[in-house]
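Just so you know, these numbers use all the heavy atoms, side chains as well, and skip hydrogens, waters and symmetry mates.
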Amino acid sequence: MSHSDAVSLQRQFDQREIDIDSIVNFLSYLRHEFKHQAVEPKAIETYVSYLIKGSFYQNIRVSQYSFACLCHLVKRIYFQDQPKLRRYASDVVPVLIEKLADNTKVNDISRKALTDYWRAASLDVERCLRKAGFLNDSDIVRQQTLRFLCSLQAAEPKFSPRTLLFDIVSTLRDPVESVRSAGKDCIVTLYTNATPQAVTELKSEIHHQDIPSDMASEIFSALGIQECIEELKTAVDLVVTTPPVSNVLISSVKRTPLAVLPLQAQDENRNVPFLQSDSNQSFSPAVEVFLKQVPVSASDDIKPLFVASSRDLETLMEGLISAFDGKESEANWGQRQKNIVTLREIIHGNAYRDHAIAFITCLKSLSAGINKAVSSLRTTLSAHGCKLVMDLATIAKNGIDPFVDGFMQSLVKLSSSTKKIAAQNANNAITVLLGHTSFQPRVAGMISNACCDKNAQTRLYAAGWLQLTLIAHPTQKAIMESFNCVEVFENCIKSGLSDANPKVREAMRPTYWEFQSIWPQRGAVVMKNLDPMAKKALEKLNPKPESAAHKAEEKRPITGHR
């Protein structure tokens with residue numbers, strides 16, 4: 001198909017008044033052509049852009065024909081040039097996921113297109129499923145995402161739920177009953193006849209997320225693993241008898257760092273940089289402000305290291321592990337620093353762009369070594385460790401979600417260092433990490449602990465981390481509420497606003513207003529319980545002072561002449 005057809009489609013959609021019959025006929029023609037003719041590469045971007053636009057057009061005929069065309073285009077590119085699908089994953093896959101909530105016919109073609117997309121770019125599809133599916137505001141989309149995974153396993157034997165295990169189990173705590181039920185059915189379907197290792201991982205995740213014992217018992221009974229039920233009851237009894245400290249619930253929700261990315265057959269010839277494929281990851285202006293405050297990683301001396309294949313990458317990264325065995329010493333710290341620099345060179349090269357699965361798999365073995373580097377008492381090694389974490393977050397983004405827990409533990413500890421440069425490096429790394437990766441309840445617990453740290457410097461940083469968490473994940477309000485994060489955040493803000501250190505109090509005030517904008521009733525309670533001086537200082541930073549003035553005017557008693 002020539003580029004002229006793409007231009008014609010663009011011209012019709014750009015008209016001030018669209019001729020419905022004309023555009024429907026043209027879309028019908030395009031759908032037929034996609035079935036039988038190759039698409040000119042330079043026309044793909046235009047087709048994708050305008051077919052997505054048409055898929056959400058207010059006229060139902062235009063939207064249905066546009067979406068059908070988009071699915072046929074996915075099929076055509078899948079046969080014609082699979083690596084190109086990855087370029088458009090962040091644009092197309094969320095649309096396919098959103099359309100799972102439509103009628104049966106649309107749902108069917110969405111599933112088929114998503115399955116083809118997964119075969120060509122599994123990592124990208126699973127990343128989109130996490131953000132656009134499991135964290136979607138629509139309970140129907142969340143429910144249909146689970147059902148899609150069941151159909152994907154039936155259609156594609158290579159699919160493994162390990163990558164999405166945390167997200168799947170999280171649906172068992174969803175506020176909507178139908179989603180919880182779908183989550184239970186999904187787990188039973190995916191883990192029937194699973195390997196003992198997979199069942200062990202499932203059991204561990206259910207335990208760490210504190211899933212109610214009755215629901216867990218139903219799942220284990222359906223899977224025929226009755227021996228897990230008594231263990232689960234014992235674990236639940238321990239949780240019940242734990243003192244009701246504010247952050248106990250969050251701390252108990254641990255995300256198991258699984259070997260998240262099974263090695264699957266994927267095309268090695270990925271020509272598009274990952275940053276480009278995910279370049280539309282939108283940051284709010286406030287998040288950009290946070291990230292711009294972080295000095296650009298000092299990569300002037302970092303020369304990108306390129307690898308020819310996944311096998312070469314594995315060999316290279318496996319050779320870096322041995323230096324991190326045991327404790328740091330005079331004999332090995334220099335080699336550790338060289339290896340961390342090499343890792344930075346690898347991530348700045350084509351490793352994640354072209355061999356993402358192999359890179360993430362190898363990174364699992366190296367993550368403990370990275371944490372040792374971050375925690376090193378040698379400033380240069382620790383600095384390179386922090387900068388490596390920043391590089392990973394900036395380039396791989398939520399591809400490193402499974403490692404965030406471990407990185408955060410080391411970095412939070414480093415933030416209390418008496419060496420100002422080391423503490424600042426830790427703060428910068430955590431800021432970049434939180435700004436680019438997904439929200440995780442376990443990390444929320446770590447921020448809570450940091451807000452209560454005896455070191456004022458850590459408490460000061462933690463106020464900013466909490467504010468960034470609230471700003472960066474506005475669509476995950478339901479997840480925060482279901483994991484009791486809201487209470488934890490509220491307690492952090494209360495303690496911060498009354499902190500003995502004036503800098504901590506000052507840093508927590510804008511965090512309060514971010515919290516108040518999401519949960520206004522809870523914010524009002526916090527404000528009400530402050531002393532007059534603290535309340536006055538807080539009101540000075542009110543981003544909407546006119547609303548406060550209006551409320552004050554309403555409360556002012558009316559006086560008149562008698």
Exercise. Should Glu539 and Arg509 be marked as a salt bridge (charged side-chain N to carboxylate O under 4.0 Å, His left out) after you check the CA-CA gap, both sets of side-chain angles, and the distance that decides it?
Worked result: CA-CA 9 Å; Glu539 279 290 3; Arg509 287 166 192 153; over 6 Å; no
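- Qualifying side-chain hydrogen bond (donor to acceptor under 3.5 Å, both in side chains) partners for Gln521, counting only residues two or more places apart in sequence or in other chains: none.
- Atom CG of Leu538 and atom CE of Met533 lie 13.0 Å apart (nearest 0.5 Å).
- Side-chain contact between Val93 and Ile97: present, with at least one pair of heavy atoms (C-beta onward) separated by less than 4.5 Å.
- Considering only heavy atoms from C-beta on, Ile400 stays 4.5 Å or farther from Val389 through its side chain.
- In this structure Asp139 satisfies the side-chain hydrogen bond (donor to acceptor under 3.5 Å, both in side chains) test with no other residue, sequence neighbours excluded.
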Problem set entry | Worked verdict on Ser170 versus Ile479 for side chain to side chain contact (heavy atoms under 4.5 Å, CB included) | CA-CA 9 Å; Ser170 294; Ile479 302 298; 5.9 Å; no
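- When all heavy atoms are compared, the tightest approach of Leu320 to Leu316 is CG-O, 3.4 Å.
- Across Pro94 and Ala89, no two heavy atoms sit closer than the pair CD-O, 3.4 Å.
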For this session: Evaluate the criterion side chain to side chain contact (heavy atoms under 4.5 Å, CB included) for residue pair Ser448 and Asn491; output intermediate values, then yes/no.
Result: CA-CA 8 Å; Ser448 170; Asn491 288 334; over 6 Å; no
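- The salt bridge (charged side-chain N to carboxylate O under 4.0 Å, His left out) contacts involving residues 514-533 comprise Glu487-Arg522, Glu490-Arg522, where partners must be two or more places apart or lie in separate chains.
- In this model, a donor atom of one side chain and an acceptor atom of the other lie less than 3.5 Å apart for Thr380 and Gln337.
- Within 6.0 Å of NZ in Lys503 there are 12 or fewer heavy atoms belonging to other residues, nucleotides or ligands.
- Here the straight-line distance linking atom CG of Leu343 with atom CG of Leu363 works out to 7.5 Å at 0.5 Å rounding.
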Problem set entry | Full working for side chain to side chain contact (heavy atoms under 4.5 Å, CB included) between Arg130 and Ser438 | CA-CA 9 Å; Arg130 180 176 295 111; Ser438 304; 4.1 Å; yes
Side-chain donor-acceptor pairs of residues 463-478 under 3.5 Å, sequence neighbours excluded:
unit_1	atom_1	unit_2	atom_2	d
Trp465	NE1	Asn427	OD1	2.8
Thr469	OG1	Trp465	O	2.8

Exercise. Are Lys372 and Glu328 close enough, and set up right, to give a salt bridge (charged side-chain N to carboxylate O under 4.0 Å, His left out), and what steps lead you there?
Worked result: CA-CA 8 Å; Lys372 287 183 179 181; Glu328 184 179 309; over 6 Å; no
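- With hydrogens and angles disregarded, a donor-acceptor distance shorter than 3.5 Å links the side chain of Asn529 to the backbone of Val525.
- Note that CG of Asp391 is 12.0 Å distant from CD1 of Ile346, once rounded to the nearest 0.5 Å.
- Taking 4.5 Å as the limit, every side-chain heavy atom of Leu388 sits out of range of all side-chain heavy atoms of Val341.
- In terms of the salt bridge (charged side-chain N to carboxylate O under 4.0 Å, His left out) criterion, residue partners of Lys184 (sequence neighbours excluded) are, by chain and number, Glu218.
- Ring-plane geometry between Phe166 and Phe483 is classed as parallel, the angle between the planes falling under 30 degrees on a 0 to 90 degree scale with a further cut at 60.
- Dense packing is recorded around CD1 of Ile321, with more than 12 heavy atoms of other residues, nucleotides or ligands lying under 6.0 Å away.
- Checked against salt bridge (charged side-chain N to carboxylate O under 4.0 Å, His left out), Glu177 has no partners two or more places apart in sequence or in another chain.
- In this structure, Val176 and Arg142 have side chains that are in contact, with non-hydrogen atoms separated by less than 4.5 Å.
- Using a 4.5 Å heavy-atom threshold, the side chains of Lys53 and Phe56 count as separate.
- Side-chain atoms of Asn398 and His436 form no donor-acceptor pair, as typed in the model, at a separation below 3.5 Å.
- Put simply, OG1 on Thr171 and CD1 on Ile187 are 5.5 Å apart, with the number rounded to the nearest 0.5 Å.
- With rounding to the nearest 0.5 angstrom, the CZ atom of Arg173 is 12.5 Å from the CD atom of Glu481.
- Looking at residues two or more places apart in sequence or on another chain, you find a side-chain hydrogen bond (donor to acceptor under 3.5 Å, both in side chains) between Asn339 and Gln335.
- Qualifying side-chain hydrogen bond (donor to acceptor under 3.5 Å, both in side chains) partners for Ser178, counting only residues two or more places apart in sequence or in other chains: Gln143.
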Problem set entry | Step-by-step side chain to side chain contact (heavy atoms under 4.5 Å, CB included) determination, Phe407 to Ile430 | CA-CA 8 Å; Phe407 293 157; Ile430 290 176; over 6 Å; no
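- A donor-acceptor contact closer than 3.5 angstrom links the side chains of Ser415 and Thr458.
- Shown here are the ring-ring contact (aromatic ring centres under 6.0 Å, His included) partners of Trp513, two or more places apart in sequence or in another chain: there are none.
- When all heavy atoms of Thr361 and Ile357 are compared, the pair lying nearest together is OG1-O, 2.8 Å.
- Looking at heavy atoms from C-beta onward, Leu460 lies out of side-chain contact with Gln457 at the 4.5 angstrom threshold.
- In the displayed structure, Leu377 atom CG is contacted under 6.0 Å by at most 12 heavy atoms of other residues, nucleotides or ligands.
- The backbone N or O of Arg378 sits nowhere less than 3.5 Å from a side-chain atom of Ser382 that would complete a donor-acceptor pair.
- Listed by chain and residue number, nothing satisfies the salt bridge (charged side-chain N to carboxylate O under 4.0 Å, His left out) test with Arg336 (two or more places apart in sequence, or in another chain).
- Residues His355 and Asn350 meet the side-chain proximity criterion, which asks for heavy atoms closer than 4.5 Å.
- Annotation: salt bridge (charged side-chain N to carboxylate O under 4.0 Å, His left out) contacts involving residues 454-465, sequence neighbours excluded, comprise Arg459-Asp499.
- Geometrically, Lys494 does not engage Tyr512 in a cation-pi contact, judged by NZ or CZ lying under 6.0 Å from the ring centre and within 45° of the ring axis.
- Atom CD of Gln144 sits about 11.5 Å away from atom CG of Asn136, to the nearest 0.5 Å.
- Judged purely by distance below 3.5 Å, without hydrogens or angles, the side chains of Ser410 and Asn371 pair a donor atom with an acceptor atom.
- Side-chain contact between Ile168 and Pro161 is present, with at least one heavy-atom pair separated by less than 4.5 Å.
- Phe324 meets the ring-ring contact (aromatic ring centres under 6.0 Å, His included) test with no other residue; sequence neighbours excluded.
- Contact record, Ile206 with Ala216: CG2-CB, 3.9 Å, taken as the closest heavy-atom pair.
- Salt bridge annotation for Arg180-Asp174: absent, with no cationic side-chain nitrogen under 4.0 angstrom from a carboxylate oxygen.
- Note on Glu345 versus Lys338: no salt bridge recorded, every NZ/NE/NH1/NH2 to OD/OE distance being 4.0 Å or above.
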